[in-house]
Amino acid sequence: MSRYDDDQNYDTGRSRGRSSVRGTGTGRSGRQTGSGSYSHGTSSRSSTRGSSSRSASSRSSSARGSSGRGGSAGRPRSSGYHSSSHGPDHGRRHRKPRNDYGKLALGGILLIAAIALIVFFIRGLGGGDSDIESETTETSTVPETELQKEVTVDGVNITGMSREQAKEAILKNYPWEMKVVWEEETFDVADLMAGKVDLLLNEVYQGQPKEKYSLNTDGLEEAVKEEVAKAAAKWDKAAKNGSISSYDKDTDKFLFTGAETGLALDQEKLIKDIESALKKKDFDAKIPALMNPVEPEFSEETAKEKYKTISTFTTKTTSNSKRNTNVKLSAEAINGTILQPGEEFSFNKTVGQRTEAKGYKGAAAYNNGEVVEEIGGGVCQTSSTLYNAVLKAGLKTTKRQSHTYEPSYVTPGTDATVSWNGPDYKFVNNSSAAIGIRARYSDQTVTISIYGVPVLEEGVTYSLKSTKLKDIDPPAPTYEEDPTLAPGVEKTKSSGSKGSYWETRLVVKKNDEVISQDVDHVVTYRGHAPVVLRNSTGTMAPTESQPESTVNPNETSSIAPEGAGDGFIRPDSTEVTGPGGGPGVHGQENTNTSNSVSANGPGSTPPTTAAPPATQPSTAPATTAPPAPVTTAAPPADNNGPPIVAPMPGGN
């Protein structure tokens, strides 16, 4: 066969190969070409049927392979078909399309895999939680419809019931009416099983129910203890020791009452009884309470032996009758007060508002640092005396405030100022028995005592020790116009006083030996500003009669504001005058003539002090007329004239 024939056969074979892919029509055409062509046609149909289940690319590739095999079957007729089908040109033309289809298939697979990974990743970040949540929600929201399975709870058949119907049926079978009974009183125990029923129904309606259930009463120990504690709070009664209960004003004695036995619920027994009833499912049990007697620490007779005056403190007042009236009334208001253990005393609450209707007088007092006439002025001496008595007794002060200016009836640092709607003095009875307060005023003396069972150990004493650490310069002088003075003349009305800084220590002794003396508090007192009279009008007015004053010029202690100007006698009977001359300040000259005070209490000797130097009037400048002489008027005989403002005797 010539080369031409080979080429022709190659073309024919390729044509038959393609025809075999298209189907049986090509096979019929093959039968018209001869036996060799039929053989190829048969081979093509066989190949087509064999590859019918494969994909499009597989069928195409298989068809080409079948053509080759068909050529091989026709090898007896023409070897050129076989050789041409495996020739160089034929291999190149068929392998190239096969490689392209493979790459496309591989790329498609990779693309699909990448898309799948991306979708999975996105769902893992966002959608996963919602899926889980959805599943959880579906699990936890099992519809609690009527129970179809046969289920009983302690013999109660709840089949066909909803959850609420089942709960009602169970509670109806076990009604809760447990009570604790003592004498004629009862205590209703809270329903401890309602929660247990709910837990059981959760298991029945939200899981795979069993046929039989029984209520579990375990794990209620703490709840039982809480109920027993409530019963104890209702019925327990503390024992009362024999103590003072009232005060007889006529006899000035505290009256005693007998001791009272207390009662205490036996809580351990009641806990066991309730737990036993729970185990028996006796939910309507009536459990008797056992109340045990509690004996007092001491009887009335023992109390009378134990009670004594555990502290006393005394201060001296001035000779100002109005102020002394206020001190007396406030002392009477607190006299006979009884405080039970743990009870707090308030001076303002006990004394009440100081009013004229109650008999209080207008007297000098400090208000916002200024000396004013105030109804009830002077009662701070009563509160300060009480403060020291309370401290000596070992009782606990809870509220206290010092004065603005130094007091002189007590050592600075040991005072306690009070004012209605202002500072208050408070203390609490921290002893084991009731205490009583005795307070009295007589002959310019205030004495306050605490009556009770001793708080401090035998031989132990409390006291305050104040020390002045430094003086503080007085404020700048203030000026007052006096038209009776010659123009340009200035005259000192009040020399003022220095302020001071004090440290107060609590001294604890046992059998006269100092155990401790720690700092209790520190306080700063203001000084008084000097007051200077002057005439800045340039003219001198004629002297006119002054209105009647409530201040007695012959009574050096007539102005006695709180925190200044009140007399004080130290425990060692050393007298000190003030202001600025509080106890512990020896040898200090009293230069404040308008506020000077005397400590002339009963049995005391007036202090001897040097008269202050006369205050010389200053002269006007040389260009003005010489000032008119200052005339000093003698005090009127009725002692009701105005305060003396002229130089003290002994001056020029």
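In this view, Lys399 satisfies the salt bridge (Lys or Arg N to Asp or Glu O under 4.0 Å) rule with no residue, not counting sequence neighbours. Among residues two or more places apart in sequence or in another chain, the ring-ring contact (aromatic ring centres under 6.0 Å, His included) test is passed with Phe254 by Tyr247, Tyr451.
Arg400 forms no cation-pi arrangement with Tyr425, by the criterion of a distance under 6.0 Å to the ring centre and an angle within 45° of the ring axis. For the pair Lys392 and Tyr462, the cation-pi criterion (under 6.0 Å, within 45° of the ring axis) is not fulfilled.
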Test Glu300 against Lys304 for salt bridge (Lys or Arg N to Asp or Glu O under 4.0 Å), laying out the working first. CA-CA 6 Å; Glu300 179 181 346; Lys304 291 179 179 179; 3.6 Å; yes
Let's go through Asp250 and Lys253 carefully: what are the C-alpha distance in whole Å and the side-chain angles of both, what is the deciding distance for salt bridge (Lys or Arg N to Asp or Glu O under 4.0 Å) to 0.1 Å, and is it a yes or a no? CA-CA 8 Å; Asp250 295 334; Lys253 290 183 179 180; over 6 Å; no
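In this structure, Asp252 pairs ionically with Arg438, as a charged nitrogen and a carboxylate oxygen lie closer than 4.0 Å. A salt bridge links Arg505 to Glu503: at least one charged side-chain nitrogen sits closer than 4.0 Å to a carboxylate oxygen. Using a cutoff of 4.0 Å between basic side-chain nitrogens and carboxylate oxygens, Asp424 and Lys349 are not scored as salt-bridged.
Side-chain contact check for Gln444 versus Asn324: some heavy-atom pair is nearer than 4.5 Å. Inter-residue side-chain proximity for Trp502 and Thr524 is flagged as unmet; no heavy-atom pair is nearer than 4.5 Å. Using a 4.5 Å cut-off on side-chain heavy atoms (C-beta onward), Asn388 and Val410 make contact. The shortest distance between side-chain heavy atoms of Phe347 and Thr382 falls below 4.5 Å. Considering only heavy atoms from C-beta on, Ile244 stays 4.5 Å or farther from Leu255 through its side chain.
Under a cut-off of 6.0 angstrom, the local environment of CG in Asp512 is sparse, with at most 12 non-hydrogen atoms contributed by other residues, nucleotides or ligands.
Between Ser346 and Lys426, the side chains place no donor N or O within less than 3.5 Å of an acceptor N or O (distance only, hydrogens not considered). In summary, the side chains of Thr414 and Ser466 do not present any donor paired with an acceptor at a separation below 3.5 Å, with no hydrogens or angles considered.
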Can I get a per-line list of side-chain donor-acceptor pairs under 3.5 Å for residues 337-345, giving both atom names and the distance, sequence neighbours left out?
residue : atom : partner : partner atom : Å
Thr337  : OG1  : Ile334  : O            : 2.8
Glu343  : OE1  : Gln340  : N            : 2.9
Glu344  : OE2  : Thr398  : OG1          : 2.7

